[in-house]
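Residue numbers run from 1 in the order of the sequence given. Remember, predicted model here, so these are calculated numbers, not experimental data.
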Amino acid sequence: QPQIILLKEGTDTSQGKAQLISNINACVAVVDAIRTTLGPRGMDKMIYDDKGNTTISNDGATILRLLEIVHPAAKTLVNISKSQDSEVGDGTTTVTVLAGEFLRESKQFVEEGVHPRLIIRAFRQAGLLAVQRVKELSISLEDYDETGKLNVLQKCAETTLNSKLVGGEKEFFAKMVVEAVSHLDPAILDLKMIGIKKVMGGSMRDSFLVKGVAFKKTFSYAGFEQQPKYFENPKILVLNVELELKSEKDNAEIRLTDPLQYQSIVDAEWNIIYAKLEACVASGAKIILSRLSIGDLATQYFADRDIFCAGRVTEEDMNRIAQASGATLQTTVSNLLPTVLGTCEVFEETQVGSERYNLFKGCPCAATTTIVLRGGAEQFIEEAERSLHDAIMIVRRAMKNSSVVPGGGAIDMEVSRFLRDHARSIAGKSQLFINAYAKALEIIPRQLCDNSGFDATDVLNKLRQKHALPGDEGRMFGVDVNTGGIVDTYDSFVWEPSVVKINALTAATEAACLVLSVDETVRNPKSEGADQAMGGMG
């Protein structure tokens with residue numbers, strides 16, 4: 001029989017059991033890289049790139065993004081951690097560890113020759129049952145009054161911050177985050193309305209929350225210091241106009257018959273800028289902000305008239321000020337109606353560390369807040385910002401989906417027990433696979449123990465005994481990372497929004513099923529080479 005060649009020469013195909021096991025091993029290797037970051041006693045990872053930038057992080061999604069994983073199967077884990085980060089904000093390490101553990105448990109069945117489809121079907125079924133059980137166990141916050149609700153949100157934020165670098169000051173930051181989120185418009189809860197500014201120096205405790213907009217003092221010309229730095233109920237004008245003396249373009253040609261006419265051209269240039277400045281002053285605005293530069297002439301002109309101005313304000317800050325104060329961004333200074341001006345209760349400039357900040361407080365229109373973070377090292381402030389982002393996302397989610405579940409591995413143990421009981425009622429191979437899924441869920445409490453330096457077997461046996469008790473008395477018990485024992489995590493306020501767990505279980509199950517469903521990998525080196533050549537030419 002002559003050989004039939006279908007694919008280009010040099011194409012690498014791998015298929016069958018060996019290829020699937022290789023994919024599973026790659027995913028497990030990724031999980032092993034980040035599993036130690038899970039929980040309040042988790043370690044941090046330090047990653048530095050070829051440019052010499054160093055990142056110290058505890059956040060699963062950040063670490064996986066910076067690792068630049070190239071293995072196609074392992075990339076699915078990177079993608080689910082990203083989706084968990086954008087959808088919920090926290091639980092990025094949890095979702096990756098769960099997916100890896102599901103694959104690890106299924107590996108023995110694949111090696112024994114079980115068809116992957118059977119495993120996938122059982123895992124999907126187990127995933128649905130697990131999510132259903134989490135929903136049954138979740139505790140609604142609807143019944144709480146306003147104060148009680150804020151208290152619960154603070155506990156959720158503390159649980160998130162527990163595992164971060166700023167865990168030592170979790171009460172301080174949790175309170176700040178809840179205050180920041182509760183100031184937002186409850187209908188939208190737009191994250192863009194919370195600004196986080198980083199200022200080096202001072203301690204973490206020096207961080208503060210501004211109920212309004214704050215931004216760093218922009219580049220300024222002489223005359224700036226003569227401007228007033230404090231106003232009450234000022235009118236704010238927001239521009240996208242350059243207030244600088246512009247000379248004629250180089251290639252403009254003007255023919256003069258009389259040398260005296262030259263002066264009139266120079267005067268015309270001055271008149272244009274003065275007309276713009278007079279229009280700004282006539283509008284009644286006391287604070288003038290512009291995306292583009294405000295020159296030295298304009299700065300002095302405004303200073304003489306007791307008006308504060310700032311040029312080259314970043315677009316993000318500009319949009320937040322415009323939304324918060326009710327001002328409309330103007331691209332021209334002609335016809336400035338009173339309706340285009342915004343206002344705020346208090347404007348002031350204050351010193352924060354070595355920087356000066358402009359603060360707009362008490363804005364009437366959109367609810368916006370700014371968190372100013374302080375800290376010693378740059379990497380530390382960067383990680384603090386990532387931690388606060390997670391906490392803000394969690395509080396926002398808990399406000400929208402107001403139900404929580406006990407953390408600390410309690411919910412995982414309870415779902416695991418429920419699935420084991422359920423598996424006994426199933427005839428056939430699925431019983432083994434659902435049991436394997438249930439066993440994989442125990443990785444969360446096990447990893448929490450390992451990362452805290454306690455004996456995982458001992459703690460898990462205690463937890464299994466508690467969760468096996470009749471009735472509901474043991475279902476809230478999880479790992480106590482402080483003593484190495486077990487504790488009712490609901491009573492000790494280790495709470496997380498149920499949406500975190502539901503999303504993690506769904507995403508991890510999907511990722512595991514996706515990897516299991518691949519039975520052949522084809523790599524075409526020719527097309528890869530062509531891509532690189534094209535990239536080189538471009």
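Here Ser86 pairs with nothing under the side chain to side chain contact (heavy atoms under 4.5 Å, CB included) rule; sequence neighbours left out. Qualifying side chain to side chain contact (heavy atoms under 4.5 Å, CB included) partners for Glu510, counting only residues two or more places apart in sequence or in other chains: Thr506. Scanning for side chain to side chain contact (heavy atoms under 4.5 Å, CB included) contacts around Asp519 gives an empty result, with sequence neighbours left out. Listed by chain and number, the residues in a ring-ring contact (aromatic ring centres under 6.0 Å, His included) with Phe454 amount to none (sequence neighbours excluded). Looking at residues two or more places apart in sequence or on another chain, you find no ring-ring contact (aromatic ring centres under 6.0 Å, His included) involving Phe477. Scanning for ring-ring contact (aromatic ring centres under 6.0 Å, His included) contacts around Phe215 gives Phe360, with sequence neighbours left out. With sequence neighbours left out, Val88 forms a side chain to side chain contact (heavy atoms under 4.5 Å, CB included) with Gln84, Ile394, Arg397, Val499, Val500, Asn503. Phe418 meets the ring-ring contact (aromatic ring centres under 6.0 Å, His included) test with no other residue; sequence neighbours excluded.
At distances below 3.5 Å, not a single donor-acceptor pair connects side-chain atoms of Ser387 with backbone N or O atoms of Leu161. Listed for the Ser81 side chain is no donor-acceptor partner under 3.5 Å among the backbone atoms of Thr96.
Side-chain contact check for Thr314 and Asp317: at least one donor-acceptor pair (N or O, by modelled atom type) lies under 3.5 Å. Under 3.5 Å, the side chains of Thr509 and Tyr437 contain a donor-acceptor pair of N or O atoms. Inspection of the Ser498 and Ser403 side chains reveals an N or O donor paired with an N or O acceptor under 3.5 Å. Remark: the Lys170 side chain and the Asn162 side chain contain an N/O donor-acceptor pair separated by less than 3.5 Å.
Within the structure, every pair that satisfies the ring pair (Phe, Tyr, Trp, His ring centres under 6.0 Å) test and touches residues 495-518, not counting sequence neighbours, is listed here: Tyr490-Trp495, Phe493-Trp495. Residue pairs that meet the salt bridge (charged side-chain N to carboxylate O under 4.0 Å, His left out) test with at least one member in residues 495-504, sequence neighbours left out, are Asp412-Lys501, Glu496-Lys501.
The side-chain heavy atoms of Met46 and Thr54, taken from C-beta on, include a pair separated by under 4.5 Å.
When all heavy atoms are compared, the tightest approach of Val95 to Ala504 is CG2-O, 3.5 Å. Of all the heavy atoms in Thr76 and Val515, the pair that sits closest is OG1-CG2, 3.7 Å.
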Distance-only criterion, 3.5 Å: show the donor-acceptor pairs between side-chain atoms of residues 115-134 and protein atoms not counting sequence neighbours.
{"unit_1": "His115", "atom_1": "ND1", "unit_2": "Arg117", "atom_2": "N", "d": "3.0"}
{"unit_1": "Arg133", "atom_1": "NH1", "unit_2": "Glu136", "atom_2": "OE1", "d": "3.0"}
{"unit_1": "Arg133", "atom_1": "NH2", "unit_2": "Glu414", "atom_2": "OE2", "d": "3.0"}

Quiz: residues 62-73 side-chain donor-acceptor pairs under 3.5 angstrom, not counting sequence neighbours:
{"unit_1": "Thr62", "atom_1": "OG1", "unit_2": "Asp59", "atom_2": "OD2", "d": "2.6"}
{"unit_1": "His71", "atom_1": "ND1", "unit_2": "Ala73", "atom_2": "N", "d": "3.1"}
{"unit_1": "His71", "atom_1": "ND1", "unit_2": "Ala74", "atom_2": "N", "d": "3.4"}

